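The structure under discussion appears below in the form of structure tokens.
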Amino acid sequence: MSKMIPLSEPRLNGKEWTYVKDCLDTGWVSTAGKYVERLENKISSYTKCKYAVAVNSGTSALQIALQLVGVGEDDEVIVPTVTFIAPVNAIRYHRAYPVFMDCDDYYNIDVEKTTDFILKETVFKNGFSINRSTKRKVKAVLPVHVFGNAAKLHELTKLCRKRNIKIVEDATESLGTFYKTGEHSGTLGDVGCLSFNGNKIITAGGGGMILTNTQKYAQRAHYWTTQAKDDALRYIHNDIGFNFRLNNLQAAMGVAQLESLSQILKVKKRNYECYKKLIDSLEGLRLADAPDYAHNNYWMYALQLEKKTYGCDKEALLSRLNDAGIQSRPLWYLNHLQKPFKKCQAYHIKKAKKMLDITLNIPCSATLKQEHIKRIGQFLENKK
Ligand SMILES: Cc1ncc(COP(=O)(O)O)c(C=O)c1O
């Protein structure tokens, strides 16, 4: 059997060794050291976001982001049902509740339905948007830029501002995705979150970043993620803090990876186009489009299958692909159906169910070669 083609593996051919070795040689291996600030500054200038605060994971970034915008016990946050579960869990870390929203054609939060929900299902009272059915305050919307596709947020941002609903963007999958209007994904709302997990477009082995244009948020983020030190020398803490800071070794890797980002983005786009040509020519299959209002990072590729025409269903194809050493996975199971969230409100979810039925993710690493894509194309063509 040919070698396994992984779904998403890191591409480590820049200065990773050099920078990590520098940390080891100089002894700066923990949360202090020049690479942490260097990564923050580089991300801030790349995304054109005023402040970037480095943390130990995308999940920590989300947890702190929600705290920054004031989400607390018994509040509600509108979140898509189609996403990796991390942002949904982050809502519950604050003892707040998710309100699940449907997805659009790009797997992102359905902005029309979200608008509808805010206008029809909430009432604006004493400065807050109150959910008519639960009587809870809807404090935030948490859109996720799924697979690197930019969520359509410009109009929603205006409505949310009027209704005192904050926007926390999960941009963990969309580093490198810019709207054609110029903004980087994750910088339209109040706070944005990045991840440097191993499967992301660039990796630090693990880690994340909080993005914000609000100085007060940046200061609080730094304070809370470093144990809330009011006097670091005398151990004075006036609030509850967390040990969420990124370490220098991870940041060193992150800096090296960021230097390769433009190259990685080129390869991802080229591979997407190559896949698209092959797959769209096959009956019953297509590669999901990217929104035309943004420059996509093409982080993850979504294969869509029409069972009748293609001749087998998603589950059968998934097994065949994995058996043949082409690592693939289904779309995340819908979060409003997950055990901890079954009782939470879900707003007219329809498209997400369809997308779950027809979608598979196929290998997307920046290490992918043309011969791999050809092999995958041939495999998909040969249905036996
Ligand atoms: C949409 C989404 N949100 C959040 C996360 C969490 O990021 P991390 O693994 O860095 O905690 C991930 C991926 O891991 C993700 O895909």
Side-chain angles (χ1 to χ4, degrees), residues 6-10 36 39 43 52-67 71 77-94 98 100-101 103-104 106-109 140-151 153 167-177 185-186 189 191-211 221 225 242-247 249-251 253-254 257-258 268 296-302 329-336 338 341 352 355-356 359 361 364-365:
L7 180 72
S8 177
E9 68 176 4
V36 183
L39 184 62
I43 288 282
V53 180
V55 292
N56 60 0
S57 74
T59 308
S60 305
L62 287 159
Q63 180 177 337
I64 294 298
L66 289 168
Q67 188 165 328
V71 170
V77 178
I78 301 172
V79 68
T81 188
V82 174
T83 170
F84 180 57
I85 203 164
V88 188
N89 284 338
I91 296 166
R92 284 301 294 150
Y93 298 161
H94 295 287
F100 290 105
M101 202 46 70
C103 71
D104 65 11
Y106 306 108
Y107 300 90
N108 283 327
I109 192 163
V141 182
L142 202 170
V144 179
H145 301 284
V146 174
F147 302 152
N149 296 336
L153 295 183
I167 296 191
V168 169
E169 288 174 69
D170 182 330
T172 55
E173 301 182 355
S174 65
L175 178 64
T177 295
S185 53
V191 188
C193 301
L194 302 179
S195 164
F196 306 119
N197 185 24
N199 69 349
K200 294 297 182 285
I201 194 137
I202 63 166
T203 183
M209 195 69 76
I210 296 167
L211 301 176
T225 54
F242 301 88
N243 180 13
F244 280 173
R245 189 74 169 152
L246 190 74
N247 74 47
L249 284 164
Q250 293 169 311
M253 239 184 98
Q257 284 268 286
L258 195 55
K268 288 273 198 181
N296 208 282
N297 72 355
Y298 297 101
W299 172 61
M300 185 63 79
Y301 308 137
R329 68 171 196 200
L331 192 61
W332 307 284
Y333 190 58
L334 303 182
N335 285 306
H336 72 288
Q338 305 275 10
F341 303 113
M355 295 306 236
L356 176 66
T359 306
N361 291 122
C364 69
S365 318

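Order of listing sets the numbers, starting from 1, for every ligand and every atom in it. If you're wondering where the values come from, they're calculated on a predicted model, not measured in any experiment.
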**OP:** Return yes if a side-chain donor-acceptor contact under 3.5 Å exists between N247 and N56, otherwise no.
**Re:** no
Original post:
What pairs with T81 under side chain to side chain contact (heavy atoms under 4.5 Å, CB included), at least two apart in sequence or on another chain?
Top reply: F100, L334, N335, H336, I349, A352
Subject >> side-chain hydrogen bond (donor to acceptor under 3.5 Å, both in side chains) between S185 and T177, worked out >> reply: CA-CA 6 Å; S185 53; T177 295; 4.8 Å; no
**OP:** Check T172, I202, L211 against L194 for a side chain to side chain contact (heavy atoms under 4.5 Å, CB included) and give me the one that passes.
**Re:** L211
**OP:** Return the protein residues near ligand 1 (heavy atom under 4.0 Å from any of its atoms), ordered by chain and residue number.
**Re:** S57, G58, T59, L62, T83, F84, A86, P87, V144, D170, T172, E173, S195, N197, K200, G207
Original post:
Any side-chain heavy atom of R329 within less than 4.5 Å of one from M300?
Top reply: yes
**OP:** Have a look at V144 and tell me which of N108, V82, I109, D170 forms a side chain to side chain contact (heavy atoms under 4.5 Å, CB included) with it.
**Re:** D170
